2 protein chains.
Amino acid sequence: MIKKAKQVTIYDIAKTLNISAATVSRALTGNVDVKSDTREKILNAASNMGYSSNNFASNLRKKQSKMIGVIVHRLNSHFLAETLAGIEKSLNMAGYHMIISQSHESVAAEIKATKAMLKNRVDGLLVSLCYDNDTTRHFDELINQGVPVVFFDRTPINGEYDHVKIDNFKAAYEMTMHLIRQGYKRILHITASQRRDVYADRLAGYKQALQDSNIAFNKDLVLVTDLNPEYGVEAANYIMNMKARPDAVFTVNDFLAVTCMKALQKMGISVPRDIAFAGFNNDPISKLVTPSLTTVNYDGVKIGQLAARTLLNKLTEKINAKSNIVMAHELVVRESSVKKN
Amino acid sequence: MIKKAKQVTIYDIAKTLNISAATVSRALTGNVDVKSDTREKILNAASNMGYSSNNFASNLRKKQSKMIGVIVHRLNSHFLAETLAGIEKSLNMAGYHMIISQSHESVAAEIKATKAMLKNRVDGLLVSLCYDNDTTRHFDELINQGVPVVFFDRTPINGEYDHVKIDNFKAAYEMTMHLIRQGYKRILHITASQRRDVYADRLAGYKQALQDSNIAFNKDLVLVTDLNPEYGVEAANYIMNMKARPDAVFTVNDFLAVTCMKALQKMGISVPRDIAFAGFNNDPISKLVTPSLTTVNYDGVKIGQLAARTLLNKLTEKINAKSNIVMAHELVVRESSVKKN
DNA sequence: CTGTTAGCGCCTTCAG
DNA sequence: CTGAAGGCGCTAACAG
């Protein structure tokens, strides 16, 4: 067991300088009048003695932690990593730190993490919900105690909570329309839990596009997955065994699209000639794969920054309005969905 | 400004139940003898009153935070995201939380983050050094105060600090040997700052393999980059303009390899016929690109878990030996480096 | 098994 | 401009 050196406190500095701890505190926090030469003496002593302010004591006293909790389903996802990078950047600029937990798509873990965040007295919480969560009671507990919560990407189904997201309905509608305009009619949609708004909204957009194009919705052309990347291969097998194969596949994320596409190619399917492909997220891989993948682009870093700033605003501003922010997205049309004649 | 509800304390519970705060504390922490029915009464009251233990007060008293600091150069990197996922998992299982900062490859930011970690009284620190850092004084300050620091992946050049990494020299040696055995003789190595051990070690491995194969080292065949992915295109142009082009390219990361390879392919180069390629990291992209990319695989999640566990061990164990852990790696030979006749 | 007491280190009135 | 005093909420002796 490593024993910690006893830490230097403001009292130690005060004693050395024969002044009071109050003055030391004032000089160190810098925001009150202290004679400039005593301030200098204090700063020097602090530096020489290796003083480092104890945030626990300070936080306990001030009842604020300058810490923001972040709960995501996993860290090793391209999109979430981008988002977290954006969050960290914005928080850091504002002098906040972030403490992260993974829910691993488990509601129980999400609840546990939320409770831990409360104990750590985070000043606010940023959340992207886990896969099949449909309860938000554990967040209400925080909110009721005055700890603001902002959701990003995967948000509660009812729009009653502050959130930052893209218009998933519209994006999926546009993508489906793009495929239809290219002449594809049997579009297979690979999606995930309909309890998660992002996937439900995308399916709705897909359906609407079919309807607006007078194409009958066929529920055999919707596959619900758990987003496990290996499912791409399974989906490919499913497609090969269909009596009437789709002429296009539209998945809710790029990775799934790419693994499925690669598996089909190995089985002799030509993309996009036999089957076209479209994904979602603009993962770096979508640009580099052959054929390059048509997808929906939106800026994860920006979403993160915006979510963080929205939260910080709630912390500091007088007004307490609900923020429902919709970020821009764009279709990125690449080779995988363009019909060659 | 949101005003926080005044929080429920053990004193509130004590008052309600007409007992002492000490007993409440004991019942809540659970590790001391309390009569079972008073314990139950306390637990009920705590739940009803919406009590949540204040970690600041507890930490201040106990002088331990159950928080581990993590400093990395960025969050949105596939390898680091994997590592962080591993770290979070191990810490979480041990009841620890993690607080993350990005250095953005800036020594100043790294130093600032380290100081903030100290103020937050983290129990330990996990670090992957920033790009051109060559000073470790800021970490010594923590270590001297009894806060253990474990480095992973990018570690201090001198091996005097605890660390978890792979044998970069050996991996690069093996990869270069593989290329040489395939018949490639003019192997371009694209690397990064030689102040970072990982890149210096890989260059050394590359050189050793050449020497052991009686191929003269040619410094025109080493490119030093800042790891910006756009550099891949630049490198491709550089290659096209060389009087004597390389017959193989070995880069220190997959992303660079793929962008360079794709750029060359667009300019009419055939891979691997004209130029072979090998990368490093086994990024998911390496498997899905055409041709699939030969690379070095090592498990980021495991490295993270191991780094976290190493740190936790130092926190709890009596012995205080240095841990220099070398993780396994393996060559993954794919299409991009295999000579076809 | 339970209560009393005394801080952990810091900040913030209130006096001077 | 500076000092004294009290308390943020919790835990760890020390007594009963």
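First the proteins, then the strands, lettered A, B, ... as listed; each starts at 1. Keep in mind that what you see is a predicted model, and the values were worked out from it rather than measured.
Using a 4.0 Å cut-off between charged nitrogen and carboxylate oxygen, A:Lys66 and A:Asp123 do not count as a salt-bridge pair. Using a 4.0 Å cut-off between a side-chain N of Lys or Arg and a carboxylate O of Asp or Glu, A:Arg154 and A:Asp197 do not qualify as a salt bridge. With salt bridges taken as basic N to acidic carboxylate O contacts below 4.0 Å, none links B:Glu105 and B:Arg196.
Atom pair A:Asp12:CG and C:dG9:P shows a separation of 8 Å (rounding to whole Å applied). Atom CZ in A:Phe56 sits about 14 Å away from atom C1' in D:dG9, given to the nearest Å. Atom P of nucleotide D:dC8 and atom CD1 of B:Ile10 are separated by 12 Å, given to the nearest angstrom. Atoms CG (B:Asn18) and P (C:dT2) sit 14 Å apart, rounded to a whole Å. When the P atom of D:dT11 is taken as reference, atom CG of B:Asn54 falls 9 Å away, rounded to whole Å. Here the C1' atom of nucleotide C:dG9 and the CD atom of B:Gln145 are 14 Å apart, to the nearest Å. The separation between B:Ile42 atom CD1 and D:dC10 atom C1' is 14 Å, rounded to whole Å. The nearest whole Å value for the distance from the CG atom in A:Asn59 to the P atom in C:dC8 is 18 Å.
Fit an axis to the five pairs at each end of the helix from C:dC1-D:dG16 to C:dG16-D:dC1 and the two axes sit 30° apart, to the nearest 10 degrees.
More than 12 heavy-atom neighbours from other residues, nucleotides or ligands sit within 6.0 angstrom of CE on B:Met49.
Look at B:Ser25 and you won't find any side-chain N or O under 4.0 angstrom from OP1 or OP2 of D:dC10. Between A:Ser20 and D:dT2 there is no side-chain N or O to OP1 or OP2 distance below 4.0 Å. Side-chain N/O atoms of B:Thr29 include none lying less than 4.0 angstrom from OP1 or OP2 on D:dC10. Regarding contacts with the backbone of D:dT11, every side-chain N or O of B:Lys63 stays at 4.0 angstrom or more from both OP1 and OP2.
Nucleic acid contact for B:Tyr11: base, since at least one base atom lies under 4.0 Å from a heavy atom of the residue.
Proximity of a side-chain donor or acceptor of A:Thr38 to a complementary backbone N or O of A:Val34 within less than 3.5 Å is not detected. Panel note: side chain A:Thr114, backbone A:Glu110; a donor-acceptor pair is recorded below 3.5 Å.
A donor-acceptor contact under 3.5 Å is formed by the side chain of A:Arg26 with the base of D:dG3.
Annotation: of the two residues near DNA chain C, B:Leu60 and B:Thr23, the 5′-most nearest-nucleotide partner is B:Thr23. Nearer the 5' end of DNA chain C, as judged by each residue's closest nucleotide, is the contact made by B:Arg61, out of B:Arg61 and A:Ser53.
Note: A:Ile100 CD1 to A:Ile71 CD1 = 11.0 Å, rounded to the nearest 0.5 Å.
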